[in-house]
Amino acid sequence: MAALLVFLGAGLGGVMRHGVNMLAVRLGSSFPWGTLAINVSGSIAMGLVTGWFALRGGSLQARLFLATGILGGFTTFSTFSLEAFTLFERGESAAAAAYVLGSLVAGIGGLALGLYVMRQIL
């Protein structure tokens, strides 16, 4: 049952990730805006979800479906690594550095924001 919950959640998260990336492609930029948006929004969502579970509890099944499944399928750290390296390989070192730093700072900041919001609400 646990594997099925993760599987279904990851499928939904993957479809969501694809949708965001398709929207970003329409921007026509070589900068990976879609993955940046996914990493930041996924970090905020993870902060909200884990904040909720930490403060209000929740079933293992809900954790598996939401955190491991949906958010695991939605966030794209391996893609982030590939795109950062690709920017660097293309000689776009400043863009690569901005992408890596922006993803890390905004992602961790987003997680902190999500936890803070949940702590204020609950």
Open item on the list: Show every side-chain hydrogen bond (donor to acceptor under 3.5 Å, both in side chains) that has at least one partner inside residues 109-122, sequence neighbours left out.
Closed with: none
Open item on the list: According to a hydrophobic-cluster definition based on side-chain heavy atoms being under 4.5 Å apart (Ile, Leu, Val, Met, Phe, Trp, Tyr only), do Val49 and Leu55 belong together?
Closed with: yes
- [ ] Under the side-chain contact (heavy atoms from CB on, under 4.5 Å) rule, what do Val117 and Leu48 come out as? Steps first, then yes or no, please.
- [x] CA-CA 7 Å; Val117 168; Leu48 293 169; 4.2 Å; yes
Open item on the list: To the nearest 0.5 Å, what is the distance between CE on Met118 and CG on Leu113?
Closed with: 10.5 Å
Task: Transitive ILVMFWY side-chain link Ile38 to Val15, under 4.5 Å - done: no
Open item on the list: Within the 4.5 Å heavy-atom criterion, are Val20 and Phe74 side-chain neighbours or not?
Closed with: yes
Task: Set of side-chain contact (heavy atoms from CB on, under 4.5 Å) partners for Ala96, sequence neighbours left out - done: Leu87, Phe88
TODO: Kindly state each residue pair satisfying salt bridge (Lys or Arg N to Asp or Glu O under 4.0 Å) with at least one member in residues 91-109, sequence neighbours excluded.
DONE: Arg90-Glu92
Using atom types as modelled, flag every donor-acceptor pair under 3.5 Å from a side chain in residues 26-37 to any protein atom, sequence neighbours excluded.
{"from": "Ser29", "atom 1": "OG", "to": "Phe31", "atom 2": "N", "distance (Å)": "3.0"}
{"from": "Thr35", "atom 1": "OG1", "to": "Glu83", "atom 2": "OE1", "distance (Å)": "2.8"}
{"from": "Thr35", "atom 1": "OG1", "to": "Glu83", "atom 2": "OE2", "distance (Å)": "3.4"}

- [ ] Would you kindly confirm whether Met46 and Phe77 end up in one hydrophobic cluster when ILVMFWY residues are joined by side chain heavy atoms under 4.5 Å apart?
- [x] yes
Task: Residues forming a side-chain contact (heavy atoms from CB on, under 4.5 Å) with Phe85, sequence neighbours excluded - done: Glu89
TODO: Output the rest of the hydrophobic cluster of Val105: all Ile, Leu, Val, Met, Phe, Trp and Tyr residues reachable through side-chain heavy-atom contacts under 4.5 Å, sorted by chain and number.
DONE: Leu101
Open item on the list: Starting from Met22 and following side-chain heavy-atom contacts under 4.5 Å between hydrophobic residues (I, L, V, M, F, W, Y), which residues can be reached?
Closed with: Val25
TODO: Just grab all the ring pair (Phe, Tyr, Trp, His ring centres under 6.0 Å) pairs involving residues 34-64, residues at least two apart or on different chains.
DONE: none
When the side chains of residues 58-71 are checked against the rest of the protein, which donor-acceptor pairs come out under 3.5 Å, sequence neighbours left out?
{"from": "Ser59", "atom 1": "OG", "to": "Ala62", "atom 2": "N", "distance (Å)": "3.0"}

Open item on the list: With rounding to the nearest 0.5 angstrom, report the OG1 to CG distance, Thr75 to Asn39.
Closed with: 7.0 Å
Open item on the list: I'd like to check the side-chain contact (heavy atoms from CB on, under 4.5 Å) partners of Ala84; sequence neighbours left out, ordered by chain and number.
Closed with: Tyr99, Val100
